[in-house]
Amino acid sequence: MKEILIRGFSGLLYISLLIICLQNEQALIILFFVFGLICLAEFKKLIQLKSLIPYAVFVIIYFVFVYWKLVLNTQFGLDEATQILMVITIFVELFLIKDLFSEKTIPLFASKRFILTTFYLSSAFVFLILIANYQNTYNSNILLGSFILIWVNDSFAFLVGKNFGKQKLFAKISPKKTVEGFLGGLFFSCVASYFITNFTETLSFTNWLILSIIISVFGTLGDLIESKFKRQAGVKDSGVIMPGHGGLLDRLDSIIFAAPFIYLFLRLLQYVS
């Protein structure tokens with residue numbers, strides 16, 4: 001009972017902090033900067049990288065884009081830089097998906113460790129800020145809706161999988177995940193997209209429905225990939241900062257992996273609208 005209360009309190013504190021900071025752009029920038037540093041520290045431990053260079057790279061990438069977007073307030077060069085970062089990040093994540101399905105372990109040679117800290121983790125927090133600035137004005141509703149879809153997907157994947165799951169989704173990496181749980185999370189995410197459409201008044205129902213599928217699929221892949229990193233490192237959780245939950249990376253792994261794909265979809269909407 002005590003463990004459930006601790007888990008519930010830490011989860012509520014995390015969600016409350018995020019929702020409060022979403023109301024103010026500067027607060028969100030600071031929050032994601034802190035979140036990014038914590039996740040980076042946890043991820044470095046998982047891949048056994050002791051160098052301090054990833055911290056410097058994260059600070060540079062994060063604040064260059066924030067300064068470019070919010071202080072200079074110009075699109076000159078920003079679109080090109082964002083597209084380059086997006087293409088490289090998605091390319092790296094596609095290789096991680098390949099490693100998930102085709103390798104017994106994810107290869108972690110020296111240069112790949114630095115590539116992962118930069119284009120798997122650091123760039124994700126840039127895309128989270130850019131998602132909140134969709135259409136060149138700050139509107140946290142799309143980002144909030146994306147987080148809600150992640151939470152709905154994770155919650156119902158767990159509930160459906162626990163009660164009806166029989167077919168293992170990825171037994172060697174995450175024994176508790178089931179095909180039925182994944183489909184349950186996907187289904188209820190699609191249902192939630194209808195309510196998010198009415199609540200946020202940002203995108204059409206069709207666009208939120210597509211986003212729910214993107215978030216469910218790539219969020220689940222992100223969770224599985226982080227689980228594989230943890231299994232290789234021989235640990236259950238990425239950290240201990242959230243009592244009852246583990247590390248912050250354990251809570252953000254899905255949105256971190258899905259962020260560039262969410263941003264890609266929003267960019268495509270701009271081109272076709």
Side-chain angles (χ1 to χ4, degrees), residues 13-40 58-87 89-90 121-152 189 192-193 195-212 214-215 218-219 248 251-252 254-273:
L13 182 64
Y14 157 69
I15 293 173
S16 300
L17 182 62
L18 178 61
I19 292 176
I20 290 171
C21 289
L22 279 168
Q23 308 310 309
N24 180 273
E25 188 171 20
Q26 285 71 35
L28 186 67
I29 290 170
I30 294 171
L31 180 70
F32 279 163
F33 177 67
V34 174
F35 277 7
L37 290 175
I38 295 172
C39 287
L40 189 55
F58 170 71
V59 172
I60 291 170
I61 290 177
Y62 189 78
F63 282 110
V64 162
F65 275 88
V66 167
Y67 183 81
W68 205 338
K69 180 74 176 177
L70 305 180
V71 180
L72 294 180
N73 195 26
T74 177
Q75 292 299 113
F76 181 73
L78 179 62
D79 279 346
E80 291 79 7
T82 303
Q83 287 181 47
I84 291 170
L85 183 66
M86 180 177 64
V87 168
T89 299
I90 289 177
L121 200 146
S122 297
S123 62
F125 288 92
V126 172
F127 289 117
L128 291 176
I129 295 296
L130 293 175
I131 290 168
N133 282 274
Y134 176 59
Q135 293 181 330
N136 301 321
T137 56
Y138 182 72
N139 186 339
S140 63
N141 285 335
I142 293 179
L143 186 57
L144 176 59
S146 298
F147 270 100
I148 290 173
L149 287 173
I150 287 284
W151 298 333
V152 169
S189 292
S193 67
F195 297 98
I196 292 173
T197 302
N198 296 322
F199 173 74
T200 62
E201 297 181 348
T202 49
L203 304 174
S204 69
F205 169 64
T206 300
N207 291 333
W208 271 116
L209 181 62
I210 296 172
L211 265 182
S212 70
I214 291 172
I215 288 171
F218 287 102
L248 188 60
R251 299 279 62 79
L252 292 173
S254 296
I255 195 70
I256 283 173
F257 197 81
F261 296 98
I262 296 171
Y263 185 71
L264 172 61
F265 176 69
L266 294 175
R267 287 296 296 262
L268 292 174
L269 286 183
Q270 286 182 318
Y271 286 126
V272 299
S273 60

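Note that the coordinates shown come from a computational prediction; the quantities given were computed from them, not determined experimentally.
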Exercise. Would you say Ser189 and Ile215 make side-chain contact, with heavy atoms under 4.5 Å?
Worked result: no
Problem set entry | Beyond-backbone contact of Glu80 with Gln83, side-chain heavy atoms, under 4.5 angstrom | no
For this session: Check whether more than 12 heavy atoms from other residues, nucleotides or ligands sit under 6.0 Å from atom CZ of Phe195, and answer yes or no.
Result: no
For this session: Give the intermediate values and the outcome of side-chain contact (heavy atoms from CB on, under 4.5 Å) for residues Ile129 and Phe65.
Result: CA-CA 9 Å; Ile129 295 296; Phe65 275 88; over 6 Å; no
Seminar exercise, completed: Between the CD1 atom in Ile131 and the CD1 atom in Ile262, the distance rounded to the nearest 0.5 Å is 4.5 Å
For this session: With rounding to the nearest 0.5 Å, note down the distance linking CG in Leu18 to CH2 in Trp151.
Result: 5.0 Å
Exercise. Counting distance only, does the side-chain N/O of Ser212 pair as donor-acceptor with the main-chain N or O of Leu209 below 3.5 Å?
Worked result: yes
Seminar exercise, completed: Nearest heavy-atom approach of Phe205 to Ser193 is CE1-OG, 3.6 Å
Seminar exercise, completed: Rounded to the nearest 0.5 Å, the CZ atom of Phe35 sits from the CG atom of Leu28 at a distance of 9.5 Å
Problem set entry | 4.5 Å side-chain heavy-atom contact, Phe125 and Leu40 | no
Exercise. For the atom pair CZ (Phe33) and CZ (Phe63), what is the distance rounded to the nearest 0.5 Å?
Worked result: 4.5 Å
For this session: Output every pair passing side-chain hydrogen bond (donor to acceptor under 3.5 Å, both in side chains) with a member in residues 138-148, not counting sequence neighbours, ordered by first then second residue.
Result: Asn139-Asn141
For this session: Quick one: pull up CG in Leu252 and CG in Leu128 and give me the separation to the nearest 0.5 Å.
Result: 8.0 Å
Problem set entry | Result of checking Ile196, Thr200, Asn133, Leu203 against Ile142 for side chain to side chain contact (heavy atoms under 4.5 Å, CB included) | Leu203
Seminar exercise, completed: What one should report as the nearest heavy-atom pair of Cys39 and Leu121 is O-CD1, 3.7 Å
Problem set entry | Heavy-atom closest contact (Ala124 atom, Ala259 atom, distance) | O-CB, 3.9 Å
For this session: Could you check Phe127 against Leu85 for side-chain contact (heavy atoms from CB on, under 4.5 Å), going step by step and ending with a plain yes or no?
Result: CA-CA 9 Å; Phe127 289 117; Leu85 183 66; 4.0 Å; yes
Exercise. Just how far is it from atom CD1 of Ile214 to atom CH2 of Trp208, taken to the nearest 0.5 Å?
Worked result: 11.0 Å
Exercise. Mind checking whether Arg267 and Asp79 have side chains closer than 4.5 Å, heavy atoms only?
Worked result: yes
Problem set entry | Check: Phe32 ring centroid to Tyr62 ring centroid under 6.0 Å | no
Exercise. Hey, would you say the Tyr134 and Tyr263 ring centroids sit under 6.0 Å apart?
Worked result: no
For this session: Kindly determine whether Gln270 and Leu266 satisfy side-chain contact (heavy atoms from CB on, under 4.5 Å), including the steps that lead there.
Result: CA-CA 6 Å; Gln270 286 182 318; Leu266 294 175; over 6 Å; no
